[in-house]
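Notes to accompany the following structure.
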Amino acid sequence: MAFKKRTHDCGELRLANVGETVALNGWCHRIRDLGGLFFVDLRDRTGVCQLNFEIERFEDLRDLRHEFVLCVTGEVVKRAEKDVNRKVPTGEVELDVKEFDVLSTCDVLPFPLSDESQMKTAPEDLRVKHRYLDLRRPVMYRKLLIRAEAVRLIREYLHERGFVEVETPIFTRSTPEGARDYLVPYRLKPGRFYALPQSPQQYKQLLMVAGVERYFQIARCFRDEAQRADRQPEFTQLDMEMSFVYQEDILAVSEGLTRHVCNSVIEKFDLDLEPVGSFPRLTYEESVRRFGTDKPDLRFDLELFDVTETVRTCEFGVFRSAVEAGGIVRGVKYPGGADLSRKQVGELENFVKEFGAKGLAHLTVVSTDPPECKGIAKFFKREELTVIIGAADAQPNDLLLFVADKEAVVCDALARLRNLIGDRCNLRDPRKLLFCWVLDFPLVFWDEENKRWDPSHHPFVMPKTEDLSLLETDPGKVRADCYDIVCNGSEWASGSIRIHRPDIQARVFSVLGLDEEAQRRRFGHILDAFRYGAPPHGGIAPGIDRLIMYLTGDENIREVIAFPKLGGGYDPMMDTPSEIEPEQWEELGLTLRPAEDD
RNA sequence: GCGGGUGUAGCUCAGUUGGCUAGAGCGCCGGCCUGUCACGUCGGAGGUCGCGGGUUCAAGUCCCGUCACUCGCGCCA
């Protein structure tokens, strides 16, 4: 199957090439048959070039169809001034075709891949099913390039700083904590299973014990959990770990890496994004107090304000009883929200109710001095209104929205409402990537349902030295050397300094209610390793897919993955998960239990 | 497991209070067209209105159920 190999790429021909005889290979992007004239836009990964076929010379010209694969040879000619196409880089020239061959034909396409205006609304399952066609679109190919460049820059940056890239197993051990595991049956001993890693967490700590000191991996992770727009059953993390470091060392490396990678990609691809600056730092406590969440969007203000003390004795029963029950009352400002209709305010209330709020009280600011408001204003004395308006930093025509409940409910509802207001008021600038650090997470959270302390990240997170004394007396107050990178309101990276001393590990396990037997059963392998000289160490794991989403501006993770899975983890292209042969069931020693309702 | 949205030609969509022999643009097939570049133009083929049931003289439209996709909640150490 010989064919004429290209001498040039489609996208590179310019005036300088005029007069040269060149060969091109590519796909028929568009065909324009004018009767006496016949044009084809030939596309390869670098761009398109217009081919001009002399109709007298070729008999079978009109058999050409979309996405046929061609090799063509011809002479590069300058176009007349009036025929120049300024929209494409090759628009000043065209190829006067002398010979061509059809290397492959193409069936009628399932979607119009050469028409971006229509592809914006093309059904996603169809695109995923025919991903090999979807990826032919220049916009999709560009996402692959951006991803490849980001990963290349990460490797380069870390190699330059002495990090060693190590691969860890995909077949690993099931751990009952965290997300549901994907399991792989083990043929030699039926009833035993491998699990796919949710992250290489334990391996990377063992590499520290092994003396690797600086490790990284572009690691595939697997979690069998319900999907979201930004979650896939398999996704990719930059997994990193360092020995003989304090928290500050890890912050420095990962912030430097992030800024270098983002700013290099932004520049190289001329993305419509502002350069990434240094990361502001917030403590967990501060972040929750100011924004109601540990993943604040710092592109806009609208900080939450607290009126708990002001309303403790007020006439409004809803607020007063919430405070009496040990709850809090906080609010968020909707700038210019006085224009909202009763129905629109009702929609905001329904929105916060999705997140557990019982209601949403509102105060419409008419004037600030003297204080005049509508809504729940009648329950407040003049002085109380003044304090509330001051706390909210409100202006006339603002709408103040309040939730009264337990602190966790108030924060969650208002944080989400704040983001919604940010969207409505166009305060979330798509040209900004605002990364920040959230530091000093609590070591453990109280799980009310199971009446126990749960680790906020995992059981190996190091408590802050100055809080160690509280470990047994007031575990909820203990802060950890635990940090997240947040970008534009989404969690991007999470990491911690790990416990390397068995005595501290034992105390933490005991807070978590893990007795000796449970510790051995679940973590015996890593606890054994830590008895053989574990260095102080810590690390972090940023999400690669999300990084690419930030850079491309995509809100769906599937857009930045070459071959993604649909909602239920289904891949329509490979048609998998698939059934297996009876012999495979037999070989693995497995049987399927009949459905219960049969 | 739960809630919202969507489902009509290969693709994007329209389809009124139930009156339909279900339309348009793109694509596809055929004709015409010597400077197009989203070419233009004339004609043609193409439909289980997601699927099942019900109400009705009559259902794309109303009701019930169900499936697929999607967004969100729960979940995601």
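All values below come from the heavy atoms of this structure, side chains included, with hydrogens, waters and symmetry mates left out. Within every chain, numbering begins at 1; the chains are lettered A, B, ... in the order of the sequence lines, protein sequences first and strands thereafter.
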Give one of base, sugar-phosphate or nothing for A/Arg228, where a contact means two heavy atoms less than 4.0 Å apart.
base
Report the nucleotide, chosen from B/G35, B/C28, B/A38, that has the shortest atom-to-atom distance to any side-chain atom of A/Asp115.
B/A38
Salt-bridged, A/Asp484 to A/Lys295, with N to O below 4.0 Å?
no
What's the NZ-C1' distance between A/Lys82 and B/G35, to the nearest Å?
5 Å
Would a 4.5 Å heavy-atom cut-off, applied to side chains only, mark A/Leu37 and A/Arg32 as touching?
no
Phosphate OP1/OP2 of B/C71: any A/Arg558 side-chain N/O under 4.0 Å:
yes
What does A/Ala179 touch in the nucleic acid at a heavy-atom separation under 4.0 angstrom: a base, only the sugar-phosphate, or nothing?
sugar-phosphate
Would you indicate what A/Arg62 reaches in the nucleic acid, counting non-hydrogen atoms under 4.0 angstrom: base, sugar-phosphate, or nothing?
nothing
With a 4.0 Å cut-off on heavy atoms, is A/Ile55 in touch with a base, just the backbone sugar-phosphate, or nothing at all?
nothing
Which part of the nucleic acid, if any, lies within contact of A/Ser456, taking any heavy atom under 4.0 Å across all strands shown: a base, the sugar-phosphate backbone alone, or nothing?
sugar-phosphate
Consider side chain to side chain contact (heavy atoms under 4.5 Å, CB included). Of A/Asn350, A/Leu348, A/Val332, which one does A/Leu360 pass it with?
A/Leu348
Could you tell me whether A/Phe38 contacts a base, only the sugar-phosphate backbone, or nothing, with contacts defined as non-hydrogen atoms closer than 4.0 Å?
nothing
Could you identify the nucleotide paired to B/A24, looking across every strand shown and requiring Watson-Crick or G-U wobble geometry with both distances under 3.5 Å?
B/U12
Base, sugar-phosphate, or nothing for A/Gln50, non-hydrogen atoms under 4.0 angstrom?
base
Once each nucleotide of nucleotides 2-14 of chain B is scored for protein heavy atoms under 4.0 Å, what B/S/- sequence comes out, 5' to 3'?
--------SBSS-
